[in-house]
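Excluded from the calculations below are hydrogen atoms, water molecules and symmetry mates; all remaining heavy atoms, backbone and side chain alike, are included. Chain naming here is simple, since letters A, B, ... match the order of the sequence lines and numbering starts at 1 in each.
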Amino acid sequence: MNNWEIAKVFDEIADLLDILGENPYKSRAYRRAAHKIGNAYLDVEQLSREGRLLEIPGIGSALEKKVEELINTGELDYLIQLRKKAPASLRRLLLIPGIGIKTLQLIYQRLGITDLEGLEAAAREKRLRRLPGIGVKTEQAILHGLQNHAFLRRRMLLHHAFAFAGEIEDYLKNKAAGPAAIQAAGSLRRGKETVGDLDFVAAADNPAPLAQAFKEAPFVKEVVAAGEAKVTIMTKWGFQADLLIVQPQLFASALQHFTGSKEHNVALRRIARERGFKVSEHGIGSADQTTAPSTEEELYRQLGMAYIPPELREDRGEIEAAQSGALPDLLEAAEIKGDLHIHSEWSDGANTLQELAAAAQERGYQYLAVTDHSRSLHIARGLTEERVRQQREEIDRLNEGFTNFRLLAGIEVDILPDGSLDFDDQLLAEMDIVIASVHSGFKQDEKTLTKRVVNALRNRHVDIIGHPTGRLLGRREPYAIDVGLLLEVAAETDTALEVNASPDRLDLNDEYIRQGRELGVRFAVNTDSHDLHYLDDVFYGVLQARRGWAEREDIVNTLPLNELDDWLSDR
DNA sequence: GCCGTTTTCGGCCCGACTGTTTTCAGTCG
């Protein structure tokens with residue numbers, strides 16, 4: 001049973017405890033444990049075997065026993081008992097905006113409603129408004145929420161989120177009563193691979209005109225909530241946006257608060273409380289006074305820890321690391337020296353080799369690996385052996401004209417369904433760099449797929465595994481593959497795993513990157529560009545790598561050309 | 001149910017906004 005499955009069980013228990021009106025701190029304990037387990041980069045099943053479960057903060061002796069029962073039997077008697085006491089379908093009602101635990105208890109106990117259909121019927125029949133504490137507005141809000149509820153749960157890809165955020169920021173900055181400062185916060189700032197809604201923090205001496213401008217913006221579909229300091233809108237694009245407006249001296253505190261994550265902030269406040277003061281968007285306060293840190297660095301320092309970059313703020317151990325001086329020195333975009341996975345018009349790319357080389361040089365890259373598809377990928381006009389050699393000749397010719405830059409003659413060779421590679425070793429040995437990727441047989445079982453990729457990892461000519469899990473965010477699940485094993489073999493063979501920077505892949509994900517670097521795996525942050533404009537996507541790959549705690553040394557394409565050559569030839 | 005730099009018992013993150021009331025509980029992030 002993996003971390004995610006265990007976390008799901010604890011989350012369900014937490015919801016059921018809430019529904020049954022148990023001690024709210026008990027459900028909070030389950031929810032906290034679920035978060036810790038779901039976000040642990042170490043395998044909980046293995047920790048359990050090693051008797052180290054109690055090392056996870058929030059796991060005590062009772063939860064330790066429950067984790068062990070889950071791992072040993074695949075189920076949990078405690079959950080089975082809880083399910084007998086409350087219908088499981090009730091949990092879904094909590095997804096509706098405006099329905100919390102108290103309202104849920106009320107409609108369950110007084111009206112016997114247990115599912116979405118029952119709730120909708122009761123709202124339409126105007127039965128909700130007769131309950132104490134619920135009026136006409138709440139009833140209408142629930143109906144409204146029911147209609148939008150599927151819609152609201154969709155998350156944006158990161159590049160879409162950045163585009164929308166840019167548009168909203170530009171609008172607010174250009175208002176006559178423009179803010180002294182404005183910045184996008186939330187999961188966007190943390191570089192999360194998908195974003196649910198957008199959060200903005202603005203500094204202004206006079207908040208009212210800015211709040212008004214936000215409410216009247218052309219992209220507003222509806223104003224969800226509006227106070228003096230905070231405005232929430234539903235955009236016509238289908239997601240919510242929050243604006244928090246503070247006095248300029250509180251900007252750093254507000255930015256930290258609104259960047260989250262929620263779990264990170266909760267953990268920070270726990271620590272502050274233990275030290276006898278409290279932290280909020282209004283600064284850091286003790287019993288008699290409140291101070292406003294002028295920067296986030298200052299804020300973290302006052303809490304007794306090193307500055308934590310936004311990408312790490314998930315309560316996945318970054319606070320402990322910041323307290324003990326063990327935070328990683330995160331990869332910077334400027335440290336990327338070249339792209340090792342791009343396509344040209346020789347296969348399914350849009351640009352000539354000259355165009356690509358010029359674009360790479362403009363970016364200040366030292367190298368660019370041309371890695372077109374291999375022959376079996378007909379749909380992408382995969383290259384035959386003959387075409388590969390012709391392309392090699394052109395690359396050699398072009399390289400004669402470059403100074404301080406080189407095109408690498410590479411190939412993205414298919415890992416075929418039978419586990420072999422699309423080209424024989426002789427041709428692969430001729431290439432400067434070889435990426436091996438799965439483009440077919442996605443439906444094979446885990447054992448078969450894992451074996452295919454492990455074979456490729458063990459081929460001495462293969463330098464990088466491309467998009468290792470094959471997922472397309474929001475469109476295609478990862479194929480069934482034992483990533484833990486891939487990480488082990490990659491570490492052993494010093495084969496790099498790709499952090500594919502395309503915002504609809506971002507493959508590997510942050511947790512695997514973190515797990516891998518603990519094992520000594522190296523990664524390549526590549527764009528897989530099919531058009532030179534997508535070379536910019538490296539930005540998203542760097543964010544993802546940073547979320548995986550990656551440092552410069554973990555990434556092969558931070559190496560200058562001569563050292564990259566050494567790595568490519570040493571293997 | 002967890003946990004300890006005043007605690008092994010008695011706490012458990014913080015504040016904005018809304019709706020229903022008439023001073024505040026519930027929800028949300």
Touch check for [X], heavy atoms < 4.0 angstrom, all strands: base, sugar-phosphate only, or nothing?
{"X": "A:K102", "value": "sugar-phosphate"}
{"X": "A:P57", "value": "sugar-phosphate"}
{"X": "A:S61", "value": "sugar-phosphate"}
{"X": "A:Y30", "value": "sugar-phosphate"}
{"X": "A:V136", "value": "sugar-phosphate"}
{"X": "A:L268", "value": "nothing"}
{"X": "A:A226", "value": "sugar-phosphate"}

[X] [atom1] to [N] [atom2], straight-line distance once rounded to whole Å:
{"X": "A:L243", "N": "B:dA16", "atom1": "CG", "atom2": "C1'", "result": "13 Å"}
{"X": "A:R273", "N": "B:dT6", "atom1": "CZ", "atom2": "P", "result": "14 Å"}
{"X": "A:I134", "N": "B:dA25", "atom1": "CD1", "atom2": "C1'", "result": "12 Å"}
{"X": "A:I101", "N": "B:dC28", "atom1": "CD1", "atom2": "C1'", "result": "14 Å"}
{"X": "A:L131", "N": "B:dT20", "atom1": "CG", "atom2": "P", "result": "12 Å"}
{"X": "A:L303", "N": "B:dC14", "atom1": "CG", "atom2": "C1'", "result": "14 Å"}
{"X": "A:K66", "N": "B:dG1", "atom1": "NZ", "atom2": "P", "result": "5 Å"}
{"X": "A:E274", "N": "B:dG10", "atom1": "CD", "atom2": "P", "result": "19 Å"}

TODO: Can you tell me which residue pairs pass the ring pair (Phe, Tyr, Trp, His ring centres under 6.0 Å) test with a partner in residues 207-236 of chain A, sequence neighbours excluded?
DONE: A:Y171-A:F219, A:F219-A:W237
If only side-chain N and O atoms of [X] are considered, is one of them under 4.0 Å from the OP1 or OP2 phosphate oxygen of [N]?
{"X": "A:T232", "N": "B:dC28", "result": "no"}
{"X": "A:K262", "N": "B:dC28", "result": "no"}
{"X": "A:R32", "N": "B:dC12", "result": "no"}
{"X": "A:H282", "N": "B:dA16", "result": "yes"}
{"X": "A:K26", "N": "B:dG1", "result": "yes"}
{"X": "A:T138", "N": "B:dT20", "result": "yes"}
{"X": "A:R275", "N": "B:dT5", "result": "no"}

Looking at [X] and [Y], would you say the former's side chain and the latter's main chain have a donor-acceptor pair under 3.5 Å?
{"X": "A:T73", "Y": "A:L70", "answer": "no"}
{"X": "A:R505", "Y": "A:L472", "answer": "no"}
{"X": "A:N3", "Y": "A:I37", "answer": "yes"}
{"X": "A:R517", "Y": "A:W549", "answer": "yes"}

As a test of reading the structure: which of [options] is closest to the side chain of [X], going by heavy atoms?
{"X": "A:T103", "options": "B:dG1, B:dT27, B:dT20", "result": "B:dT27"}
{"X": "A:K230", "options": "B:dA16, B:dC2, B:dT18", "result": "B:dA16"}
{"X": "A:P97", "options": "B:dC17, B:dA16, B:dC28", "result": "B:dC28"}
{"X": "A:H257", "options": "B:dC2, B:dG29, B:dC17", "result": "B:dG29"}
{"X": "A:A225", "options": "B:dC17, B:dT27, B:dG15", "result": "B:dC17"}
{"X": "A:Y25", "options": "B:dC28, B:dC12, B:dG29", "result": "B:dC12"}
{"X": "A:A229", "options": "B:dG19, B:dA16, B:dT27", "result": "B:dA16"}

Task: Donor on one side chain, acceptor on other, A:E511 and A:N509, under 3.5 Å - done: no
- [ ] Tell me the partner of B:dT8, counting only Watson-Crick (N1-N3 plus N6-O4 or O6-N4) or G-U wobble (N1-O2 and O6-N3) with both under 3.5 Å; none if nothing fits.
- [x] none
- [ ] Tell me which of A:G98 and A:V279 sits closer to the 5' end of DNA chain B, going by the nucleotide each one is nearest to.
- [x] A:V279
- [ ] Find which nucleotide of DNA chain B each of A:Y78 and A:R270 is nearest to by heavy atoms, and output the residue with the more 5' nucleotide.
- [x] A:Y78
Taking the same atom, [atom1], in [N] and in [M], what whole-Å distance lies between them?
{"N": "B:dT20", "M": "B:dT27", "atom1": "C1'", "result": "14 Å"}
{"N": "B:dT21", "M": "B:dG26", "atom1": "C1'", "result": "13 Å"}
{"N": "B:dT23", "M": "B:dT18", "atom1": "C1'", "result": "15 Å"}
{"N": "B:dC2", "M": "B:dT6", "atom1": "P", "result": "24 Å"}
{"N": "B:dC3", "M": "B:dT8", "atom1": "P", "result": "16 Å"}
{"N": "B:dT5", "M": "B:dC12", "atom1": "P", "result": "16 Å"}

- [ ] Test for a donor-acceptor pair under 3.5 Å between the base of B:dG1 and the side chain of A:N23, counting only N and O atoms.
- [x] yes
Task: Criterion side-chain contact (heavy atoms from CB on, under 4.5 Å) against A:H264, the qualifying member of A:R316, A:E314, A:R190, A:E318 - done: A:E318
Task: Syn/anti label of B:dT6 as read from its glycosidic torsion, with the cut at 90° from 0 - done: anti
Task: NZ or CZ of A:K66 within 45° of A:F10 ring axis and under 6.0 Å - done: no
